[in-house]
Amino acid sequence: MQLFYNNTLSEITSEIKFSREESKHIAKVLRKREGDILYITNGKGTLFTAQITFSNPTQCIATINNHDTQSSRPYTLHLAVAPTKMNDRYEWFLEKATEIGIDQITPIICDHSERKVIKIERFERILQSAMKQSLQYYLPKLNPAISFNSFIEQHNDDQLLIAHCEETRKQSLKDILKPQASITMLIGPEGDFSAKEIEIALTTGYIPVTLGETRLRTETAAIVAAHSVAFLNS
């Protein structure tokens with residue numbers, strides 16, 4: 001199934017006009033014609049079935065025939081992950097986390113962060129592409145980059161977790177995770193969180209966790225976290 005994305009669709013939408021780029025893809029690449037069926041999601045859990053009424057490389061139009069809303073996951077996962085020095089590594093994380101299942105992503109700027117500027121528009125496109133490729137109907141929310149201290153002050157989920165590399169007492173992620181919970185997890189930059197950041201997180205209620213016996217890259221740690229939560233709730 002080829003899945004399209006349009007965030008303007010709602011249950012009362014009767015017709016959709018595709019952009020020039022999408023129209024070219026539909027008419028020339030997929031070779032869709034009048035009468036063919038297309039599937040579109042609004043990224044909010046609804047799948048729309050539409051029938052093409054006009055097919056042209058410059059403009060495709062389809063009539064919405066049906067819509068079906070998918071239930072959300074029994075858990076929520078918000079990963080706050082420091083941007084990596086190499087941008088492609090963070091993009092890889094965004095793609096794979098979306099495929100696995102995630103609700104929110106926030107780039108956090110930490111004391112040891114080497115990258116402090118992100119390309120939000122490019123990241124959004126990666127999330128949309130991964131959602132369509134994995135045939136999911138919920139688009140993860142990508143929040144603007146924010147400082148570590150500002151982020152810490154904002155959240156109060158069921159479980160607040162921080163994964164760091166300091167040689168201190170930590171609990172295993174697999175032992176502490178709760179099913180069907182709302183979870184926020186902090187993943188630090190290549191140089192890890194600073195001792196001050198870890199102290200602030202702990203005093204704010206975050207629980208320190210370990211993701212295994214080996215030291216993981218930032219993007220790998222984030223994927224391990226996403227998969228662990230998804231596996232627990234599968």
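Atom OG in Ser72 sits 9.0 Å away from atom CD in Gln70 (nearest 0.5 Å). Expressed to the nearest 0.5 Å, how far CD1 of Ile162 lies from OG1 of Thr184 amounts to 12.0 Å. Note that NE2 of His78 is 15.5 Å distant from CD of Gln159, once rounded to the nearest 0.5 Å. If you take CG on Leu38 and CD on Glu22, they are separated by 10.0 Å, rounding to the nearest 0.5 Å. Rounded to the nearest 0.5 Å, atoms CZ (Arg33) and CD1 (Ile26) are 11.5 Å apart. Atoms SG and CG, from Cys165 and Asp192 in turn, are 4.0 Å apart once rounded to the nearest 0.5 Å.
Of all heavy-atom pairs spanning Ile102 and Ala97, the tightest one is CG2-O, 3.6 Å. The minimum heavy-atom distance linking Leu211 with Leu173 is given by the pair CD2-CD2, 3.3 Å. For the residue pair Ala82 and Gly188, the shortest heavy atom distance occurs at CB-C, 3.7 Å. In terms of heavy atoms, Pro189 sits closest to Thr218 at C-OG1, 3.4 Å. Of all the heavy atoms in Thr58 and Ser23, the pair that sits closest is C-CB, 3.9 Å. Minimum interatomic distance between Thr98 and Ser134 (heavy atoms only, all atoms of both residues): O-OG, 4.4 Å.
Connection of Ile40 to Leu30 is established within a shared hydrophobic cluster, with ILVMFWY side chains joined at heavy-atom distances below 4.5 Å, either directly or through further cluster members. Under the 4.5 Å side-chain heavy-atom criterion for Ile, Leu, Val, Met, Phe, Trp and Tyr, Leu77 and Ile126 are members of the same hydrophobic cluster. Leu94 and Val229 end up in the same hydrophobic cluster when Ile, Leu, Val, Met, Phe, Trp and Tyr side chains are linked at under 4.5 Å. Under the 4.5 Å side-chain heavy-atom criterion for grouping Ile, Leu, Val, Met, Phe, Trp and Tyr, Met185 is not connected to Ile152 through any hydrophobic cluster. Hydrophobic clustering (side-chain heavy atoms under 4.5 Å, transitive across Ile, Leu, Val, Met, Phe, Trp, Tyr) groups Phe4 together with Ile52.
Donor-acceptor pairing under 3.5 Å is recorded for the side chains of Asn87 and Glu91. Side-chain atoms of Asn65 and Thr49 include no donor-acceptor pair closer than 3.5 Å. For the residue pair Ser194 and His112, no side-chain donor N or O sits within less than 3.5 Å of a side-chain acceptor on the partner. Side-chain contact annotation: Thr210 with Ser172, donor-acceptor N/O pair under 3.5 Å absent. Side-chain polar atoms of Ser19 and Glu21 form no donor-acceptor pair below 3.5 angstrom. Side-chain contact, Gln51 with Asp36: no donor N or O sits under 3.5 Å from an acceptor N or O.
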Test side-chain hydrogen bond (donor to acceptor under 3.5 Å, both in side chains) applied to Asn6 and Thr8, step by step: CA-CA 6 Å; Asn6 188 308; Thr8 67; 2.4 Å; yes

His164/Tyr206 under ring-ring contact (aromatic ring centres under 6.0 Å, His included): CA gap, chis, key distance, verdict: CA-CA 12 Å; His164 64 79; Tyr206 280 79; over 10 Å; no

Residues Gln104, Asn143; criterion side-chain hydrogen bond (donor to acceptor under 3.5 Å, both in side chains); working and verdict: CA-CA 7 Å; Gln104 288 194 65; Asn143 298 309; 2.9 Å; yes

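Remark: Lys85 engages Glu114 in a salt bridge, criterion side-chain N to carboxylate O under 4.0 Å. A salt bridge between Glu99 and Lys96 is present, with a side-chain N of the basic residue lying under 4.0 Å from a carboxylate O of the acidic one. Under 4.0 Å is where a charged nitrogen must lie from a carboxylate oxygen, and between Arg73 and Asp103 at least one such pair does.
Environment of CD in Glu199: sparse, with no more than 12 heavy atoms of neighbouring residues, nucleotides or ligands closer than 6.0 Å. Environment of CZ in Arg122: sparse, with no more than 12 heavy atoms of neighbouring residues, nucleotides or ligands closer than 6.0 Å. Within 6.0 Å of NZ on Lys170 lie more than 12 heavy atoms contributed by other residues, nucleotides or ligands. His227 NE2: 12 or fewer foreign heavy atoms inside a 6.0 Å radius.
The salt bridge (Lys or Arg N to Asp or Glu O under 4.0 Å) contacts involving residues 215-233 comprise Arg89-Glu219, where partners must be two or more places apart or lie in separate chains. The list of ring pair (Phe, Tyr, Trp, His ring centres under 6.0 Å) pairs with a residue in residues 113-147, not counting sequence neighbours, reads Tyr90-Phe123.
Lys141 has its side chain out of reach of Ile105: every pair of non-hydrogen atoms, C-beta onward, lies at least 4.5 Å apart.
If you run side chain to side chain contact (heavy atoms under 4.5 Å, CB included) between Val209 and each of Leu186, Leu177, Leu161, only Leu161 comes through. Under the side chain to side chain contact (heavy atoms under 4.5 Å, CB included) test applied with Val81, the options Ile187, Ile223, Ile108 reduce to a single match, Ile187.
The closest donor-acceptor contact from the side chain of Ser55 to the backbone of Lys32 lies under 3.5 Å. Without hydrogens or angle criteria, Ser113 side chain to Arg115 main chain gives no donor-acceptor distance under 3.5 Å.
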